[in-house]
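No hydrogens, no waters, no symmetry mates; every other heavy atom, side chains included, goes into these values.
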Amino acid sequence: MGAVEQPCYTLINALSDSEPYNEMQLKIDLEKGDVKVKIEALKKTINMILAGERLPGVLMIIIRFVLPLQDHTVKKLLLIFWEIVPKTYGDGKLLQEMILVCDAYRKDLQHPNEFVRGSTLRFLCKLKEPELLEPLMPAIRACLEHRHSYVRRNAVLAIFTIYRNFEFLIPDAPELIATFLDGEQDMSCKRNAFLMLLHADQTRALSYLTSCLDQVNTFGDILQLVIVELIYKVCHSNPLERSRFIRCIYNLLNSSSAAVRYEAAGTLVTLSNAPTAIKAAATCYIELIIKESDNNVKLIVLDRLIALREHPAHERVLQDLVMDVLRVLATPDLEVRNKTLGLALDLVSSRNIEEMVLVLKKEVSKTHDVEHEDTGKYRQLLVRTLHSCCIKFPDVAVTVIPVLAEFLSDTNELAATDVLLFVREAIQKFEHLRPLVIEKLLESFAEIKSVKVHRAALWILGEYATTVTDIETVVKQFHLTLGEGILLEIEQKLVSGETSTDGASVPQATTTTATLVTSDGTYATQSAFNTVQKSKKEQRPPLRQYLMDGDFFIGAALGTTLTKLALRYGLLVNEAKRNHFDAEIMLLLSGIIHLGKSGLPTKAITNDDVDHLLFCLRVLSDRSTTIINIFNDYCRQALNDMLNAKEAEEAATQKAKEKVSNIIQVDDPISFMQLQSDRSELGENVFETSLSQALVGGRTATSETTSTTKLNKVTQLTGFSDPVYAEAYVHVNQYDIVLDVLIVNQTNDTLQNCTLELATLGDLKLVEKPQPVVLAPKDFCNIKANVKVASTENGIIFGNIVYDVTGAASDRNVVVLDDIHIDIMDYIVPATCNDSEFRQMWAEFEWENKVSVNTTITDLSEYLKHLVKSTNMKCLTPEKALSGQCGFMAANMYAKSIFGEDALANLSIEKPFNKPEAAVTGHIRIRAKSQGMALSLGDKINMTQKGHQPKVVAA
């Protein structure tokens, strides 16, 4: 390979469809063409040099015939040309022709046009040859006094770059710029000058800052940002300086620029742990979230607030700002609201829980009037937050329950279901609230719109109505929502009533039609019939309407509830009352069975529901002690066990999230701050850390990126006997893939226009075509290509290497490359969701991929672990449900892609008991919103089952 890769400042897009240009034609165009022709020829020259061509004869022609031109486009192109053209001989000495170029630079630095001067100064920042820069130093200094700010600020940048690279050319640069800074008025020039002093001479920068500390608020935002950086660096290297500058940071929290306030707040937190500093920074963050309109900015600043809370000392201070945090709920974006409610819930304490509940109640009332696509989801979020508040602080449950009870009649089934989950937990945990809960549940019972919610409400009322009065009230409510009397008779009367009504209304309708519409009575009869039927349907009570629609599962649930109530009622009253009550309940249950078999409902009752209702009738007639215990005690015990298990799981999750406290063991080494060179009292330098993260590609990158792990990601693209050998190092970094391709010329010929041509399959997109290169015999080079990833699909990158051989008259040579498979696992991360969300997504997602289990693994649990490991999915089924050996296993799994796509999987596997050596059999059903996600995940599972897989690149 040739010299070390040169730094790049300018990106130029080479046109692939342009016709080849020979050197002779270029020389003629550059020498004798008009300005337009010369511009095009100059562009061609630049592209050819970038492609690796050597054009030694063109340099002098450009100096003679193009350099004297005063056209601005020509001057702009010449700056690019001088940047990329080789300026030295092979031994490193400067080309003689460059003396003429240097004189042209000097003239441009004294040009009357400020654009020409400024762009030339910017170009000088890119030069790496001190011999070229030395004659220009007086002209560069003179530009500091130019009337136009564009020239002055670029002159400062040029001096800064030259001083950093070649200090001997301008040793007095810091003093010169400090003097310039004192007399300068333009804010962009002051910013550049201060930036130079910050990096070149911090003492002078500090003395300037100290002299104008009171005026910092009047500076422009670009200068204020540099001042914040200086203060941070100074205080980081010398913590004793904090007291001098912390007041300045406080003042910058009130800057008119949002960027300055954000940086100042972040710097203040790193410089001081004082409660006042944390409070000021947090308040600044909250104001930024509220005032900024961009949701991305809101989310970024919210993340900073959440990170601030993780410090134990800061949490107490932030608890006082809960009410300010809740002001962010005015933002319509659901994700911002979700994060805000989560943060508020983590921070809330007994001191401000009542105020927070009041705010949430107001938010709840606002959602009743507004109909937006996210209103239902927001309502659900509010319900869950109030639920968590009540469990965390039981005292507020009394005020919350009446508010949430209104949601039971909500048309949004998810919100109503969440309310019932809360009611179920509250009535179990807080005994003193049971009368209030039952009262509110009975008030809302008739207004409930959803059959699922009605079913859950039936269970709660049946389980917790324990007194005689409560039981009688509940049964009375059931009669109201079901209808008094025998159900079958009521429905038969309704049908016959409709017929008689129709018969009575036909003459009336016919008369009306004859006078108002037409003499034909048929249309009028049909219309009257429809109207009557519709009104009758609306008059049915809700529970009976469910039964008439064919949903008899709620009839079975009603049977269980009434049986529980009857068994409990019998223990509280005398025998006569008990028998009367039992007879009433038995009549009701048998009525449901008769109605189901009558043929009047839309669907007949199922055998399961009939068996369940007959079982309830049997329980009421037999009254076996064992069955009574199951109905009265074990049901509630099962709920209690489930809630305890859920609580334990949440506690374990919370504990896992908590940071491990830094416990120093007896034999741990003691670190002395004075002896540490790389770290200071304030911890790591956040500017350096963020820069390294940006370069490496995210926080997940660690020191493991050593040569050994890199070798695992190298894919061989051609064979060792091919004229051109190629291999690629594939680095997958979230949304893009970087291919670093090594190309080796194994022939004794020079390869001209050696081009790496790539194409993609799947949702991958090549960002730009790699530039052609020239390879000397036995030479090699590295070509980088960027590929953007748009969605989670298995992608394939394929292509070939095309080249010309110098002096050969044949067509272009092609070497076909091996395919590179991009692994879907680089984009999938484990995620969690609750059962109801899983079921909802399972019902909504339309793409399903069923994969048969084909493995040699003989243990069910072992296969599940293997599947979870190979697919990056999280098993949602609790460990307790999976423990034990029953020859069968069913588990739900869930994962999310970095693009926000959800992937669900249901595993159903079995193994015969009598064959311990038999392999696991069964299938895995995958569901996703997109077809690509479902197919790719299925392919991945199939590959891991086979044991031998094609070469895939892992991130």
Side-chain angles (χ1 to χ4, degrees), residues 221-222 224-229 231-232 249-250 252-272 277-311 314-315 317-318 321-347 374 377-378 381 657 659 682-701 733-736 788-789 827 829 831 896-901:
D221 56 348
I222 54 173
Q224 286 177 342
L225 283 170
V226 183
I227 288 172
V228 170
E229 185 183 347
I231 292 173
Y232 176 80
I249 292 289
Y250 270 110
L252 287 174
L253 289 177
N254 301 317
S255 168
S256 57
S257 164
V260 174
R261 294 203 301 276
Y262 175 75
E263 291 295 342
T267 304
L268 184 60
V269 170
T270 57
L271 296 184
S272 172
I278 302 303
K279 188 171 183 179
T283 308
C284 179
Y285 281 147
I286 293 167
E287 289 298 323
L288 278 172
I289 298 168
I290 293 167
K291 290 179 180 176
E292 278 298 316
S293 57
D294 190 345
N295 284 333
N296 293 320
V297 174
K298 290 177 187 285
L299 289 169
I300 290 167
V301 183
L302 257 175
D303 284 338
R304 291 298 292 264
L305 259 182
I306 293 165
L308 205 60
R309 186 197 70 81
E310 289 174 1
H311 197 290
H314 300 167
E315 190 165 4
V317 180
L318 291 174
L321 298 172
V322 170
M323 302 314 294
D324 292 322
V325 170
L326 287 173
R327 288 164 58 202
V328 180
L329 291 176
T331 306
D333 185 68
L334 191 65
E335 195 176 350
V336 174
R337 285 170 161 177
N338 191 4
K339 280 196 173 186
T340 305
L341 287 171
L343 177 63
L345 194 58
D346 288 336
L347 292 176
D374 286 335
K377 291 178 182 176
Y378 180 44
L381 274 177
K657 282 182 183 175
K659 287 190 173 180
L682 302 175
E684 61 188 350
N685 187 324
V686 293
F687 285 100
E688 296 297 330
T689 309
S690 59
L691 179 61
S692 63
Q693 282 167 1
L695 290 172
V696 174
R699 297 181 178 277
T700 53
N733 179 26
Q734 287 203 345
Y735 302 103
D736 59 347
K788 285 286 175 191
V789 186
Y827 314 113
V829 288
K896 263 188 121 110
S897 75
I898 59 172
F899 308 101
E901 299 166 301

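Note that the CD atom of E229 and the CD atom of E263 stand 9.0 Å from one another [nearest 0.5 Å]. Taking CD1 from I278 and NE2 from H314, the interatomic distance works out to 3.5 Å, rounded to the nearest 0.5 Å. Separating the CD1 atom in I231 from the CD1 atom in I249 is a distance of 4.0 Å, to the nearest 0.5 Å. One distance of note links CG of L225 with OG of S257; it measures 6.0 Å at 0.5 Å rounding. Between the CG atom in L381 and the CG atom in L334 there is a gap of 5.5 Å [rounded to 0.5 Å].
Under the 4.0 Å criterion applied to side-chain N and carboxylate O atoms, K377 and E335 are not assigned as salt-bridge partners.
The two atoms that bring T340 and V336 nearest to each other are OG1-O, 2.6 Å, heavy atoms only. Between A282 and L308 the shortest heavy-atom distance is CB-CD2, 4.2 Å.
Under the rule for a side chain to side chain donor-acceptor pair (under 3.5 Å), the partners of R304 that lie at least two apart in sequence or sit in another chain are Y262, Y285. Listed by chain and number, the residues in a side chain to side chain donor-acceptor pair (under 3.5 Å) with D303 are K339 (sequence neighbours excluded).
Under the 4.5 Å side-chain criterion, counting only non-hydrogen atoms from C-beta, E287 is in contact with R327.
Without hydrogens or angle criteria, R337 side chain to T331 main chain gives a donor-acceptor distance under 3.5 Å.
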